[in-house]
Amino acid sequence: MIGIHRGGHDVVLVTDAPRSYLEELAVRKRRYGILMAFRIPCLLLAAILYHIPWLAVAILALSIPLPWMAVLIANDRLPRSASRVERPTRQSDAQAIQVGHNLGEDARGR
């Protein structure tokens, strides 16, 4: 989380908070399950196409690295969200006085 120093206190932006461990674990389990689900149809397709040996071997060869790839992809950290947050900025005293002065004029109807 990013803290902004303001008047002796750190302001913490909740939008920069990382995902919870349980939420991240659920996403990783889902990724692993989806990738491993591709292996079963590959093995079944290779068994169905046994009469075309080169195609059955090619499909089996493609399915061999799937468990390894599934583990690597599932264990990869989730990317941080790319959303941009408008963070408060520190104004100089002169800018703050000018803004306050302009607001006062608008309220009086000038």
Side-chain angles (χ1 to χ4, degrees):
M1 287 191 271
I2 295 177
I4 297 174
H5 190 69
R6 207 176 223 195
H9 301 288
D10 284 335
V11 178
V12 179
L13 298 175
V14 178
T15 55
D16 288 339
R19 293 183 182 192
S20 72
Y21 174 75
L22 293 176
E23 184 180 323
E24 188 173 326
L25 183 63
V27 171
R28 290 167 50 189
K29 283 182 179 181
R30 192 174 326 121
R31 279 185 188 173
Y32 180 79
I34 290 169
L35 288 170
M36 286 306 291
F38 282 115
R39 190 164 193 214
I40 295 168
C42 285
L43 294 174
L44 292 175
L45 191 60
I48 292 170
L49 297 174
Y50 73 93
H51 57 280
I52 309 172
W54 65 271
L55 189 55
V57 170
I59 292 171
L60 283 175
L62 289 174
S63 71
I64 289 173
L66 275 178
W68 176 73
M69 289 174 20
V71 168
L72 287 179
I73 292 171
N75 286 337
D76 189 22
R77 293 194 63 106
L78 298 175
R80 293 186 179 247
S81 65
S83 63
R84 298 286 298 164
V85 177
E86 187 175 322
R87 292 180 168 82
T89 58
R90 186 172 176 96
Q91 294 180 339
S92 69
D93 291 337
Q95 288 174 329
I97 291 171
Q98 182 63 34
V99 169
H101 180 68
N102 290 342
L103 289 175
E105 289 176 359
D106 290 341
R108 288 187 295 235
R110 291 184 190 174

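Keep in mind that what you see is a predicted model, and the values were worked out from it rather than measured. The chain is numbered in sequence order, starting from 1. Note that these values count all heavy atoms, side chains included, but never hydrogens, waters or copies made by symmetry.
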Open item on the list: For the CD1 atom of Ile73 and the CD1 atom of Ile34, what is their distance to the nearest 0.5 Å?
Closed with: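 If we round to the nearest 0.5 Å, Ile73:CD1 and Ile34:CD1 are 11.0 Å apart.
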Open item on the list: Working to the nearest 0.5 angstrom, can you tell me the gap between Arg31 CZ and Asn75 CG?
Closed with: 10.0 Å
Open item on the list: Would you say Leu25 ends up clustered with Tyr32 if hydrophobic residues are merged whenever their side chains have heavy atoms under 4.5 Å apart, either directly or through other cluster members?
Closed with: no
N/O donor-acceptor pairs under 3.5 Å from side chains in residues 46-70, not counting sequence neighbours:
from, atom 1, to, atom 2, distance (Å)
Ser63, OG, Leu60, O, 2.9

